[in-house]
Amino acid sequence: MLDINLFRETPDLVRQGLEKRGVDPATVNEVIDLDVQRRDILQEVENLRAERNQGSKEIPKIEDPEKRQEKIEEMRAVGERIDALDEELSEVEESLHHLMATLPNLPDESTPVGEDDADNVVLKTVGEIPEFDFKPQAHWDLGPALGILDFERGVKLSGSRFYVLNGAGARLQRALISFMLDTLLEQGYIERYPPFMVKEDIVFASGQLPKFEANLYHDHAEDFWWVPTAEVPLTGLHKEEILEADDLPLEYVAYTPCFRREKMSAGRDVRGIKRGHQFDKVEMYVYCEPEESEDKFEQMMADAERVCQRLELPYRVNQLCSGDMGFAAAITYDIEVWAAGCGEWLEVSSVSNTRDFQARRAAIRYRPEEGASTEYVHTLNGSALGVPRVLIAVLENYQHADGSVVVPEVLRPYMGGMEVIRPE
RNA sequence: GGAGGGAUGGCCGAGUGGACGAAGGCGGCUGUCUUGAAAACAGCUGUGGGUUUAACCGCCCACCGGGGGUUCGAAUCCCUCUCCCUCCGCCA
């Protein structure tokens, strides 16, 4: 949620920022209009309330029953006006809230202006793209040949975009998750295991609702929403709390599965395990004071990159343009690893600073110092990393001509010492 | 799934129509006393919105789990939802 004060004080900056994100700049005027209306009505209704409070206090002191009745009638009339204005007020407030709820965060100055992923900027490339003296296979051929990846039975169980991992494949995935978590714990993150189904207001707080409802799974019977990313419960963790400055920063890491309908990506990446309805991810999440959020952003990037480095996967870092960034983000860097078999850069991480955007939606504040008034924290999120795509890169980059796959060294302790995955 | 009991400020806990943003206690902060600390004593101690201001202060409004209703007036009465606790059933 954007700060309403920005609309009051620097409407031009808001207009420019929103325009970069493809929002009609006229929306800013709508917001300002509603805000003015809101305050006008509010003042009037509050004055009437003050009048009624005053009058009601006097009533029990009036001795003369006739005069007393007169006052009651008078206050009843005031009450009726209050009711009418209240109704008007809640309509205006609802419109304002709905409008504000659909506006994305303003892009950081450094965010390149653009429409879609074609306008993203590659910041750096790290590591060597592996060379092969044979034609490397894509994971959708390699995995089934190894017997570790079963698409047919995934479809039998749940339909398209589902798969089953077998044996060493399942274990490799579990190894990746543990390795990622441990790597981040080393950096001082605190592990959290949140619910995978959450209430609607929690999904709203992180910004996935109301705009992206079509991409979420929803249980109508209980009104649960399945988390599309751990970012959702990790934002909700401190919803409506006032944190102590001494406790900041809070640096969390959580493993969760993620559930996405992928309605928006129908027909894209249908082959393999690149884009499923269910996938695993290890997520970093930081709550901090505004002054430190830029440093934390850099730190989280370094932490996500470290995971790629230890797995010895070549990767590149992109800065997302204004049109491609997520709803809540002011700045986002993506990490893509190279997958030799399908010959693609695969997005495995997205690190974003949402500044106070999510904190405002979720009402997460802190007290900068004893006795001071509260301020919104800054929140940042980043994947470290999305598991299936890392799995793809490991399988495809570490493959040999005979169809076997060497287990990256850092994962071996998590695989009972297994060094090579061979066809069964 | 069935039966009953609850939800009040950072915490405990009083409060069944007006003097209640809320007694009392604990905790916290400030002051007095003290070389310092403890103790004692005194004062202060929630959040959000609006208004005003350079800023503080002030003033007004709202908030006693959420929503709705009755009333001139609701923490208090009514309806409804959610959550927690106890007992029974079922269950990894």
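A, B, ... follow the sequence lines: proteins, then strands. Residue 1 opens every chain.
Note: CG (D83(A)) to C1' (U70(B)) measures 12 Å, nearest angstrom. Atom CG in D86(A) sits roughly 11 Å away from atom P in C63(B) (whole-Å rounding). Going from atom CG of L89(A) over to atom P of C61(B) covers 16 Å, rounded to whole Å. Atom P of nucleotide G49(B) and atom CD1 of I41(A) are separated by 19 Å, given to the nearest angstrom. For the pair N53(A) CG and C20(B) P, the computed distance is 14 Å after rounding to whole Å. When the P atom of U47(B) is taken as reference, atom CG of L243(A) falls 14 Å away, rounded to whole Å. Rounded to whole Å, the distance from CD on E51(A) to P on A62(B) is 13 Å.
Taking the P atom of each, A19(B) and C29(B) are spaced 33 Å apart, rounded to whole Å. A75(B) and G67(B) are spaced 13 Å apart, taking the P atom of each and rounding to whole Å. Across the C1' atoms, C60(B) and G66(B) are found 26 Å apart, a figure rounded to whole Å. Between the P atoms of G48(B) and G31(B), the separation comes to 26 Å (whole Å). Using atom C1' as the reference point in both U52(B) and A40(B), the two lie 43 Å apart (nearest Å). Nucleotides G6(B) and G65(B) have their P atoms positioned 14 Å apart, rounded to a whole Å. When the C1' atom is used for both G13(B) and G69(B), the distance is 30 Å, rounded to whole Å. Comparing the P positions of C33(B) and A23(B) gives a spacing of 30 Å, expressed to the nearest Å.
Distances shown here put a side-chain N or O of R365(A) below 4.0 Å from the OP1 or OP2 atom of G48(B). In this model, the phosphate group of U71(B) is not approached by any side-chain N or O of R76(A) to a distance below 4.0 Å at OP1 or OP2. Here R68(A) does not reach the OP1 or OP2 of C72(B): none of its side-chain N or O atoms lies under 4.0 Å away. For R367(A) and U47(B), the shortest distance from a side-chain N or O to OP1 or OP2 is below 4.0 Å. Between T374(A) and the phosphate of U47(B), there is no side-chain N or O to OP1/OP2 separation shorter than 4.0 Å.
Residue R8(A) is classed as a sugar-phosphate contact, given heavy-atom separations below 4.0 Å to backbone atoms only. Here N47(A) lies out of heavy-atom contact (under 4.0 Å) with every strand. Among the atoms of the strands shown, base atoms are found under 4.0 Å from some heavy atom of I59(A).
The residues E58(A) and K71(A) are annotated as salt-bridged, a charged nitrogen and a carboxylate oxygen being separated by less than 4.0 angstrom. No salt bridge links E46(A) with R49(A); every basic N to acidic carboxylate O contact stays at or beyond 4.0 Å.
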query: Given the rule in the side chain to side chain donor-acceptor pair (under 3.5 Å) test, do T235(A) and Y285(A) qualify, once you have shown the distances and angles that lead to the verdict?
result: CA-CA 8 Å; T235(A) 306; Y285(A) 199 92; 2.8 Å; yes
- request: For the pair F327(A) and F212(A), evaluate side-chain contact (heavy atoms from CB on, under 4.5 Å) and give the outcome as yes or no after the intermediate values.
  value: CA-CA 9 Å; F327(A) 182 73; F212(A) 305 98; 3.5 Å; yes
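Using a distance-only test at 3.5 Å, with no hydrogens or angles considered, no donor-acceptor pair links the side chain of H277(A) to the main chain of R161(A).
We find the CD-OG1 distance between E241(A) and T374(A) to be 13.5 Å, quoted to the nearest 0.5 Å.
Residue Q43(A) has its side chain nearest to U51(B) when only C72(B), C60(B), U51(B) are considered. Side-chain proximity of R49(A) to the nucleotides C61(B), C72(B), G50(B) is greatest for C61(B).
Toward the 5′ end of RNA chain B lies the nearest nucleotide of I242(A), the other residue of the pair M75(A) and I242(A) mapping further downstream.
Pairing analysis of RNA chain B (Watson-Crick: purine N1 to pyrimidine N3 plus N6-O4 or O6-N4; G-U wobble: N1-O2 and O6-N3; both under 3.5 Å) yields stems of 3 or more pairs at B:1-7 with B:82-88, B:10-12 with B:24-26, B:27-32 with B:40-45, B:46-51 with B:58-63, B:65-69 with B:77-81.
Remark: R261(A) is positioned above the aromatic ring of Y217(A), its terminal NZ or CZ atom under 6.0 angstrom from the ring centre and at most 45 degrees off the axis. Under the 6.0 Å distance and 45° angle rule, R361(A) counts as a cation-pi partner of F204(A).
Counted by atom type alone, K296(A) and Q299(A) present one or more donor-acceptor pairs between their side chains at under 3.5 Å.
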